[in-house]
Each structure stands twice: as C-alpha cells, then as structure tokens.
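Since the structure comes first, as structure tokens, the remarks are kept for the end.
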Amino acid sequence: MDFALDPPTGIGPLRIGMARDAAAAALDSLRDPSAVSGSDRPGRHVVRPSGLMISIDCARDTLEAVELGRPSAATDRVVFRDLDVFALPAREVVRRLRAHTPVEADPDDPASFTAPDLLLGLWRPFAADDEPDEEQGHFFSSVLLARPGYDDTPAQAAERLRQNP
C-alpha cells in the first residue's frame, strides 16, 4: 500500500487538525485486521505487517503530527511526489526534496533533516551515506509530518502568536 505524504494536510485518512477520536479511528483503519501486531497501541500507533509503524501525536484533543517508521518489506511505501522516502538512500531523498523545497540539516543532528516549508522532518540515527549495508544510517528511519509550529521553541511560538493573533 502507498502512503502519500500530503503536507501540511496529512497522510491518507489522518488529517492534521482532526479531533483525537477521529484520528484514533483513522489510525485504526490503517491496521491490517488479519495481522494485528502485539506492538499496536490503540489511539497511538499501529505496526503493519510490512513493519511500517504509523504513530499519531495529539494534543488538546487535536491531531498535531503523524510519524511513519521505515518498513522492513516493500509492501508498504511512503511517498512524497513519487519519491519513496524510505527506499532511496537518505542523501538522494534530500537531493530530490531540494528540487521542490528548502531542506535543512538539523544543527544538533546532521543525520536528520527538515523541510520547514512542508512541515516534514526526516530522521536516521546516524549518517552512513557511503555504507549501503548500514541500513540504519544509509536510509531514513522515520518521517514526521506536523502542524505549523509543532517544533517551535517557546520564543518561536510567542513570535508566531504575535504575527497571527
């Protein structure tokens, strides 16, 4: 199954800004009822048979972010504009994303990247760009799609409120 990242709207039935109960129901609809994982946590995350983990973050009874963890089988794909974010090496994903939008390396974690205009975050535990056999560092491990301001510092949040009362 393909999961299309649609920033800042959401992923499939998971829509940023939807009510917590609706988000939990949408998340449940992504579970494979024939292969329920013991790792599933209703209303928080599901793990599909491919190993793809889909996690939701709700605050103030509203869906604020969706995170997807890299599947171990190709039966599920996470795509942005036909770019499979988990099948290609991280360096190539960043290169192709930069054709659409600015992408910044995380100053505290150079193995991770953010596309701030898309509200997308891409993470891997370490960089191993030249080591394809080192999957955890060569490929991204997770992608996060969030509401505007999700990662704001307190100062950034105050500025956002000042600009948009």
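What you see is a predicted model, and the numbers here were worked out from it, not measured in a lab.
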Indicate yes or no: at least one non-hydrogen side-chain atom of L63 is less than 4.5 angstrom from one of D57. no
Any side-chain heavy-atom pair from F80 and V143 closer than 4.5 angstrom? no
In plain terms, say whether R48 and D76 are close enough for a salt bridge, that is, a side-chain N and a carboxylate O under 4.0 Å apart. yes
Are L144 and V66 close enough that some pair of their side-chain heavy atoms sits under 4.5 Å apart? no
For the residue pair S112 / D106, report whether a side-chain donor-acceptor contact shorter than 3.5 Å exists. no
Inspect the surroundings of CG in D2 and state if more than 12 heavy atoms from other residues, nucleotides or ligands are less than 6.0 Å away. yes
Worked check of side-chain contact (heavy atoms from CB on, under 4.5 Å) between R91 and D130: CA-CA 10 Å; R91 183 187 300 182; D130 298 324; 3.4 Å; yes
Please confirm whether the backbone N or O of P89 pairs with a side-chain atom of H138, one donor and one acceptor, at under 3.5 Å? no
Beyond-backbone contact of S37 with V46, side-chain heavy atoms, under 4.5 angstrom: no
First locate atom CD1 of I56, then atom CD of E64, and finally report the distance between them rounded to the nearest 0.5 Å. 11.5 Å
Is R98 atom CZ crowded by more than 12 heavy atoms from other residues, nucleotides or ligands, each under 6.0 Å away? yes
Can you name the one residue among L14, V79, I54 that meets side chain to side chain contact (heavy atoms under 4.5 Å, CB included) with F3? I54
If we ignore hydrogens and angles and just use 3.5 Å, is the side chain of H45 paired with the main-chain N or O of L68 as donor and acceptor? no
Within 45 degrees of the ring normal and closer than 6.0 Å to the centroid, is that where the cationic atom of R124 sits relative to F140? yes
Has the side chain of S72 got a donor or acceptor atom that lies under 3.5 Å from a matching backbone atom of S50? yes
Closer than 4.0 angstrom, basic N to acidic O: yes or no for D6 and R15? yes
When you look at R77 and M1, which way does the side-chain contact (heavy atoms from CB on, under 4.5 Å) test go after all the steps? CA-CA 6 Å; R77 296 180 339 131; M1 172 180 237; over 6 Å; no
Pairing donors with acceptors under 3.5 angstrom, does anything connect the side chains of E104 and T114? no
Non-hydrogen side-chain atoms of V47 and L52 separated by less than 4.5 Å: no
